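Keep in mind the model is a prediction, meaning the values are calculated, not measured. Every chain is numbered from 1 and lettered A, B, ... according to where its sequence line falls, protein lines coming before strand lines. Computation of the quantities below employed the complete heavy-atom set of this structure, encompassing side-chain atoms and omitting hydrogens, waters and symmetry-equivalent molecules.
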2 protein chains.
Amino acid sequence: MENNKITIHDIARILKIDSSTVSRALNDSDRVTQKTKDKILAKAQELGYQRNHLASNLRKSKTYTLGVIVPRISRHLFSSAIAGVEETAYKMGYNVIICQSLEQLERERNIVGTLLANRVDGVLLSVSMETINYDHLQGLKQRNIPFVFFDRHCNISDNSNVLIDDYQAGFDATEHLIGQGCKHIVHFSGPQNLEIYKNRLKGYLSALQIYDIEFRKDLIIESRLMEIDGVENAKLLLELPYKIDGIFSANDIAAIGAMQYLKQQGIRIPEDIAVVGFSNEPISALIEPSLTTIDQPGFKIGKTATTLLISQIHEGATKMKSETIILKPNLIERKSSLRKFESGNY
Amino acid sequence: MENNKITIHDIARILKIDSSTVSRALNDSDRVTQKTKDKILAKAQELGYQRNHLASNLRKSKTYTLGVIVPRISRHLFSSAIAGVEETAYKMGYNVIICQSLEQLERERNIVGTLLANRVDGVLLSVSMETINYDHLQGLKQRNIPFVFFDRHCNISDNSNVLIDDYQAGFDATEHLIGQGCKHIVHFSGPQNLEIYKNRLKGYLSALQIYDIEFRKDLIIESRLMEIDGVENAKLLLELPYKIDGIFSANDIAAIGAMQYLKQQGIRIPEDIAVVGFSNEPISALIEPSLTTIDQPGFKIGKTATTLLISQIHEGATKMKSETIILKPNLIERKSSLRKFESGNY
DNA sequence: CTGTTAGCGCTTTCAT
DNA sequence: ATGAAAGCGCTAACAG
């Protein structure tokens, strides 16, 4: 049990100075001579001293821990975002507790309780598809714990967000399909309690209007976020009284099911039906390498949200001005080209 | 700043008893009357008391934190495993620090340093593809911090592992292809410093031998874990002087690139070439819904590894007997059937 | 069964 | 610029 048990007192004793001076030196305080600082740092290095964060944090009554709540870790957008969160957090001296709501409001509620019990300094969250009221976030507000929504946000006032421009994404996707000559474009949408799906729909509608394409209500197919729903969507699509030549899917999970079903039915993508979907799941791009996708910068979302949150933590309860940062999604056109392996941090 | 600052002393003062009794009651010690226990618990509840883990852990000089090192969070196998780790860890009162090596030994080394500095109680790790020596794990050994390998393990002595039976998986996959009538089965392999790829290869070879299929060295195509390598693999495959009718891919990333390329070349899967791959990435199953895959129970791996690690932590430095748990992979045959949406925890 | 006492290792006044 | 002293909130001897 040779636990590295060197404390500031050990250093102090050896150097015949007080531990408070050692503490100051180790924190690079300007109330210590550079000379003693050097001496202390050298000795600390020599002994392999490592600060005990538990003690330090207890004293400062800060945990240097952030809570992150996502619907599901294994979704690509969220795992990418988490990667970004972790990187930024560690760099700024924070640890991260990651929790999955599994799309259930009940679990989301419990998680907030857990994070409170863990006394996190701040929370990042992307709400579940069941989340329609925000009572469970009151505890955070009461305790003055800052929180930042990312991607799946809520339209409650006075809170910070890091989002992608879903309206623009919807517009771009639809515009792209129109540019391909599509006349009857189906829109797969998701739960309308989530802002992101509302906004993507708005983008779709705008594009139709601007390009003077007649809007038909039955071309909007809304479903939950499940593959099996996508199959149903595809069936509905095939029963429509128009020849569908395009799909803009805002619902990446459903799109996967739908595309599989369509292919089974012998429908060729994109020859028979052009498709633009979100690449939250890299899957959608791979079912059909030629697929044009809206790529969301998950890693960047995570980094940005974390930076914002930590800056709010540092500001303290002073102003706590809420801020919304909107990132641009990218429309990536693929013409049977191979998807490049993204070796970067994603 | 209305921070919930109720301590055991507040409870003690109100109840006119000592804080140590409160502490004992809150820890459900059997050295407190049930009656006083009830009284204390009730009051704690009433005041909304929440234990300060920082103080508690400092006193016990334990962090109740586990470190997890994975090559890349966004790989499906790892994000599933992490989900399992988190669930089990939280249930047992542990927090988790997640780190990505990004397949780089250098980063892996640094991460171990960070975890040491964070004084984690134990470490779970799946090594990077560059990892060939294990010096960087010495620090853990010296400080008597238990660690458990999962999935991507190392053949160093006296350590614990939670693995899937890669040999069996390789055997089953190959046997399946042979059963389909394949005569010339290419094997996509990965970096041979990783045990998992060695073992899958062994399984492949065994199956060939048992079913009396001639082994040809040039049917084994080894590559890094990148999609672009898969494209190269596919090209090599097409240049072989045999008609290839089967692929067993142990390298899921490369398989993605390869399958895309093959499809571009007009080769039909599985009609022209049958494929069995690992579904670390659900992608591979979706490029071709009919694809037969080896499914790895990532969530279960994570849970099992965590349970094992925590039990080792509890044992302390007493025995620290190393243990290896081998889980069975599942060969999942799909005949153009839709992949079911797995709504469970994965 | 309960109270007393003494820290865990660090930071932070307050002196000097 | 440094030291002395107090204490963050909790747990764990040791008494009784």
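For the salt bridge (charged side-chain N to carboxylate O under 4.0 Å, His left out) test, no residue two or more places apart in sequence or in another chain qualifies with B:Asp18. By the salt bridge (charged side-chain N to carboxylate O under 4.0 Å, His left out) test, A:Glu103 is found to be paired with A:Arg75, A:Arg152, residues two or more places apart in sequence or in another chain being considered. Among residues two or more places apart in sequence or in another chain, the side chain to side chain contact (heavy atoms under 4.5 Å, CB included) test is passed with A:His53 by A:Arg51, A:Asn57. Partners of A:Thr304 by side chain to side chain contact (heavy atoms under 4.5 Å, CB included), not counting sequence neighbours, listed by chain and number: A:Val162, A:Lys300, A:Ile325, A:Leu327. Taking B:Glu46 as the reference, B:Lys43 meet the salt bridge (charged side-chain N to carboxylate O under 4.0 Å, His left out) condition, with sequence neighbours excluded.
Nearest to the side-chain atoms of B:Ser56 among the listed nucleotides D:dT11, C:dT2, D:dG9 stands D:dT11.
The NZ atom of B:Lys60 sits 12 Å away from the P atom of D:dC10 (whole-angstrom rounding). Taking atom CG of B:Leu26 as the reference point, atom P of D:dG9 lies 15 Å away to the nearest angstrom. In this structure, A:Lys5 places its NZ atom 15 Å from P of C:dG7, rounding to the nearest Å. Put simply, CD1 on A:Ile8 is 16 Å from P on C:dG7, counting in whole angstrom units. Between the CD1 atom of B:Ile6 and the P atom of D:dC10 there is a distance of 11 Å, rounded to whole Å. Spacing between atom CG of A:Asn27 and atom P of C:dT13 amounts to 13 Å, rounded to whole angstrom units. For the pair A:Arg13 CZ and C:dC10 P, the computed distance is 13 Å after rounding to whole Å. Note: NZ (A:Lys37) to P (D:dA1) measures 10 Å, nearest angstrom.
The residue among B:Leu58 and A:Arg51 whose nearest nucleotide of DNA chain C is located toward the 5' end is B:Leu58.
For the OP1/OP2 pair of C:dG9 and a distance below 4.0 Å, the side-chain nitrogens and oxygens of B:Ser61 include no atom meeting the criterion. For B:Ser23 and D:dG9, the shortest distance from a side-chain N or O to OP1 or OP2 is not below 4.0 Å. For D:dC8, neither phosphate oxygen OP1 nor OP2 lies less than 4.0 angstrom from any side-chain nitrogen or oxygen of B:Asn52.
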Please write out each protein N/O paired with an N/O of nucleotides 3-6 of chain C under 3.5 Å, distance rounded to 0.1 Å.
unit_1	atom_1	unit_2	atom_2	d
C:dG3	OP2	B:Asp18	N	3.0
C:dG3	OP2	B:Thr21	OG1	2.8
C:dG3	N7	B:Arg24	NH2	2.8
C:dG3	O6	B:Arg24	NH1	3.2
C:dG3	O6	B:Arg24	NH2	3.3
C:dT4	OP2	B:Asp18	OD1	3.4
C:dT4	O4	B:Ser20	OG	3.4

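Using a 4.0 Å heavy-atom distance criterion, B:His9 is classed as a base contact. Counting non-hydrogen atoms under 4.0 angstrom, A:Asn57 reaches nothing in the nucleic acid.
Looking at B:Ser23 and B:Ser20, their side chains never bring a donor and an acceptor atom within 3.5 Å of each other.
Closest approach of B:His314 to B:Tyr94, counting heavy atoms only: NE2-OH, 3.3 Å.
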